[in-house]
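Have a look at the structure below, then the notes.
So you know, we letter chains A, B, ... as the sequences are listed, proteins then strands, and number each from 1. As the structure is a computational prediction, the values presented were derived from the model and not from experiment.
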There are 2 protein chains.
Amino acid sequence: MTDRSPATGKPIRTAISDDDGIDFAIIELFFFAYRDFTSDPDQILADYGFGRAHHRVLHFVNRRPGLTVAELLDVLKITKQSLARVLKQLIDTDHIVQVQGPRDRRQRELYPTAKGRALALALARPQSRRIRAALEDSGTTERASIERFLEAMVNPELRAQINIVPAQTSGKKNGDH
Amino acid sequence: MTDRSPATGKPIRTAISDDDGIDFAIIELFFFAYRDFTSDPDQILADYGFGRAHHRVLHFVNRRPGLTVAELLDVLKITKQSLARVLKQLIDTDHIVQVQGPRDRRQRELYPTAKGRALALALARPQSRRIRAALEDSGTTERASIERFLEAMVNPELRAQINIVPAQTSGKKNGDH
DNA sequence: GGATTACGTCAGTACTGTTGACGTAATTTC
DNA sequence: GAAATTACGTCAACAGTACTGACGTAATCC
């Protein structure tokens with residue numbers, strides 16, 4: 001408080017750039033890409049009164065049917081309370097059903113219904129279309145580079161989560177079987 | 001309400017997968033990658049009592065010093081009110097200063113202060129480090145592929161925004177001048 | 001039988017986003 | 001020069017998603 005007027009820093013008029021040793025190009029591209037990537041499903045979700053949180057839950061329940069609430073919390077990295085409301089709505093609207101765990105009856109296994117499966121597909125469709133368009137002129141090598149890059153962006157400890165995709169019929173790359 | 005019990009869809013036990021014609025592999029990778037990409041700065045921001053919105057404003061004011069409020073709203077794709085709170089805090093904490101527009105005195109040009117520049121760099125540093133690590137074994141070709149992919153993921157109408165990066169000294173690729 | 005685990009839920013709070021309306025100063029238009 | 005428009009700031013009200021902490025219940029583990 002000793003310096004009120006002088007404390008007001010002078011405006012810096014030069015742009016921050018990659019010259020500062022920071023990869024602003026990709027940082028910014030990543031921001032724009034993700035913003036538009038999520039905008040497609042957001043519009044569909046609005047019709048259902050759902051938000052992005054519902055999408056994520058629906059996605060992972062479809063990807064890993066039978067996962068428990070605890071496992072879902074771990075994948076999403078959110079708290080129980082944050083999940084509760086969203087999950088309840090998805091169950092009430094018959095997109096997801098809970099089944100008592102077979103071995104441990106305390107657990108609730110989560111499964112999509114036909115309705116939930118359909119919505120998950122509808123939400124993923126425009127995203128997939130966008131990806132296909134972005135990869136239009138790319139070959140297998142480029143696709144592999146992009147997959148490797150995205151995977152490398154994930155925290156190493158959490159990379160295990162990615163590969164828990166059960167039983168791929170058309171087994172591409174999969175460190176399973 | 002005519003069908004309460006039968007309405008409860010049966011659980012689908014098979015996982016949704018790329019077989020459904022949807023590129024779930026990349027959809028999911030993109031989710032995980034972005035989640036962790038933003039987690040680094042989030043931790044730093046918490047120390048300042050700031051959130052992700054502050055980060056975005058700070059980033060773009062540093063990248064395009066002198067942009068007006070209207071331009072910033074256009075880049076962020078949020079409403080005036082959403083920006084107001086966040087911008088006010090950044091100004092009050094002396095990270096950003098407003099300068100009356102030279103030609104049009106209604107406009108407020110936004111500039112970072114030294115403090116704001118330093119914070120922007122501090123926030124970008126871990127993100128850049130993560131990117132560098134992810135590109136570790138990649139050559140120039142791969143990097144170019146990834147940049148092209150990310151750019152192609154952005155809505156075409158909005159791609160113009162990306163290239164408004166003023167005066168790069170080390171001019172890499174830039175469709176300007 | 002007691003501790004732990006898995007889950008559900010209640011209460012309170014914070015951040016980021018929305019729409020709509022109003023005020024003010026500056027610029028543009030006629 | 002008066003009127004319309006523009007750029008911005010602000011007030012009010014509300015929604016979605018996230019958080020922490022605490023408590024209860026049923027099931028399992030030891």
What's [X] touching, base or sugar-phosphate or nothing? Going by heavy atoms closer than 4.0 Å.
X: B/Q89; answer: nothing
X: B/H55; answer: nothing
X: A/E109; answer: nothing

Choose from [options] the nucleotide whose nearest atom is closest to any side-chain atom of [X].
X: A/D104; options: C/dA6, D/dC8, D/dT17; result: C/dA6
X: B/Q98; options: D/dG9, D/dC19, C/dG17; result: D/dG9
X: A/V86; options: C/dC7, D/dT17, C/dT16; result: D/dT17
X: B/R108; options: D/dG9, C/dT18, C/dT27; result: D/dG9

[X] [atom1] - [N] [atom2] separation (whole Å):
X: B/Q100; N: C/dT24; atom1: CD; atom2: C1'; result: 13 Å
X: A/L83; N: D/dC19; atom1: CG; atom2: C1'; result: 14 Å
X: A/R56; N: D/dG16; atom1: CZ; atom2: P; result: 15 Å
X: A/I96; N: C/dG8; atom1: CD1; atom2: P; result: 12 Å

### Message
Side chains of A/D36 and B/M153, heavy atoms from C-beta outward: is any pair under 4.5 Å?
### Response
no

### Query
Run the side-chain contact (heavy atoms from CB on, under 4.5 Å) check on A/F30 and A/L150 step by step: do they pass?
CA-CA 11 Å; A/F30 215 48; A/L150 289 175; 3.9 Å; yes

### Query
Is the charged tip of B/R56 near the ring of A/F31: under 6.0 Å from the six-membered ring centre and within 45° of its axis?
no

### Query
For the side chain of B/R106 and the base of C/dT27, is some donor closer than 3.5 Å to an acceptor across the two?
no

### Carboxylate-amine/guanidinium proximity below 4.0 Å for B/E28 and A/R64
yes

### Message
Check A/R52 with A/D42, please: is the shortest side-chain N to carboxylate O separation under 4.0 Å?
### Response
yes

Report each atom pair, protein N/O against N/O of nucleotides 10-13 of chain D, whose distance is under 3.5 angstrom.
unit_1: D/dC11; atom_1: N4; unit_2: B/Q81; atom_2: NE2; d: 2.4
unit_1: D/dA12; atom_1: N6; unit_2: B/Q81; atom_2: NE2; d: 3.0

### Summary
Residue set satisfying ring pair (Phe, Tyr, Trp, His ring centres under 6.0 Å) with B/F32, at least two apart, ordered chain then number -> A/F60

### Query
When the ring centroid of A/F50 is compared with that of A/H95, is the distance short of 6.0 Å?
yes

### Query
Which parts of residues 67-75 of chain A get close to DNA chain C, meaning a heavy atom less than 4.0 angstrom away?
A/T68, A/V69, A/A70

